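The model shown is predicted, which means the values in this text are computed figures rather than measured ones. Here is the naming used below: chain letters follow the sequence lines, and residue numbers restart at 1 for every chain.
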Amino acid sequence: MRARVLIRPKAGILDPQGQAVERALPALGFSGVSNVHVGRLVELDVDDASQLDDMCRRLLANPLIEDYEVVEAS
Amino acid sequence: MRFGVITFPGTCDDADARLAAGKVGEAVQLWHGDRDLQGVDAVVVPGGFSYGDYLRAGAIARFAPVMESVIEFARDGGLVLGICNGFQILAEAHLLPGALLPNQGLRFVCRQVDLEVVNRDTPFTRACGERLSIPAKHMSGRYVGDVPEDQVVLRYAPGHNFNGSQDDIAGVCNERRNVFGLMPHPEHAVDALCGPSIDGLGIFRSMAEAKVPA
């Protein structure tokens with residue numbers, strides 16, 4: 001199975017990348033942009049999708065600072 | 001005191017850590033792929049960019065074969081010092097509370113920093129003064145964590161918290177106080193030839209004077 005894991009900074013943790021993007025967009029003339037957060041995408045082929053959650057908790061994400069979401073791509 | 005300094009692929013501060021440890025004791029190199037800690041009395045996890053900082057700083061090094069032995073060594077009460085990337089690795093290994101995130105300014109910063117030694121009752125700080133001036137050089141040093149007050153060992157002095165660390169935290173220890181991690185680099189401040197202070201030596205001297213668990 002092809003899986004996608006979306007990893008994003010936990011709510012409440014300062015996200016300077018998101019802030020930098022949020023400041024850059026108005027500079028290009030885009031208005032009405034707020035609440036920008038920058039995370040990571042991991043795509044992987046797995047035989048046993050039931051292991052994905054464990055993989056996320058142990059390696060792909062750090063649950064202390066990041067939330068993750070497993071998205072089945074196909 | 002026999003110090004073992006780990007070398008991972010991408011480590012770059014292991015030579016300085018061995019030199020610093022060598023000033024107060026004996027220092028040997030430990031290899032990331034080798035589970036054997038060679039009977040050392042203390043382990044230093046040095047700075048650098050282990051495994052290219054891929055995924056998150058320290059995330060992959062934490063699973064290196066040598067780290068299984070380091071985790072066991074720490075659980076038995078052995079002294080473990082993590083500097084910079086070493087601190088990140090020990091946090092990822094859950095030997096220390098919290099995590100290190102990219103600096104709030106998103107830049108790599110290299111500068112001399114002043115630190116307040118807020119807990120001198122640890123095997124890593126007993127021979128230190130109340131303040132240290134040592135270099136810091138990192139990209140991901142913003143400390144975030146749920147850490148009890150008595151486990152905060154070092155804070156950036158006012159005006160020196162360049163990375164945005166929570167409560168100015170620069171170094172923390174575990175509950176048992178045998179594992180300590182800090183972002184600035186004591187091993188780069190041990191020789192008057194190479195900088196404005198030799199304050200870093202206090203940390204290595206403290207370890208050398210600590211009682212080694214039987």
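Sparse packing is recorded around CD of B:Glu72, with 12 or fewer heavy atoms of other residues, nucleotides or ligands lying under 6.0 Å away. Within 6.0 Å of atom CZ in A:Arg57, more than 12 heavy atoms from other residues, nucleotides or ligands are found, so the atom counts as buried in its surroundings. Shown here is B:Glu175, whose CD atom has no more than 12 heavy atoms of other residues, nucleotides or ligands within 6.0 Å. Atom CG of A:Asp54 has more than 12 neighbouring heavy atoms from other residues, nucleotides or ligands inside a 6.0 Å radius. Within 6.0 Å of OH on B:Tyr54 lie no more than 12 heavy atoms contributed by other residues, nucleotides or ligands.
Using a 4.5 Å cut-off between heavy atoms, A:Leu64 contacts chain B through its side chain alone, with no backbone atom that close. In this structure, chain A has a heavy atom under 4.5 Å from the backbone of B:Asn103, while its side chain stays farther away. The contact between A:Glu66 and chain B is made entirely by side chain atoms (from C-beta outward), counting heavy-atom distances below 4.5 Å. For a residue to count as touching a neighbouring chain, one of its non-hydrogen atoms must lie under 4.5 Å from one of that chain's; by this rule B:Leu55 touches chain A with backbone and side chain alike. For B:Gln166, no part sits under 4.5 Å from any heavy atom of chain A, backbone or side chain.
Of the listed residues A:Ala20, A:Pro16, A:Pro9, A:Ala61, the one with more heavy-atom pairs under 4.5 angstrom with chain B than any other is A:Pro16.
Here the closest heavy-atom approach between residue A:Leu14 and residue B:Arg142 is recorded as O-NH1, 2.9 Å. Of all non-hydrogen atoms in A:Gln17 and B:Leu106, the two that sit nearest each other are CG-CD2, 3.7 Å.
For the atom pair B:Arg62 CZ and A:Asn62 CG, the distance stands at 10.5 Å (nearest 0.5 Å). Atoms CG and CD1, on B:Leu101 and A:Ile13 in that order, are 6.0 Å from each other to the nearest 0.5 Å. Here the straight-line distance linking atom CG of A:Leu59 with atom CD of B:Glu92 works out to 8.5 Å at 0.5 Å rounding.
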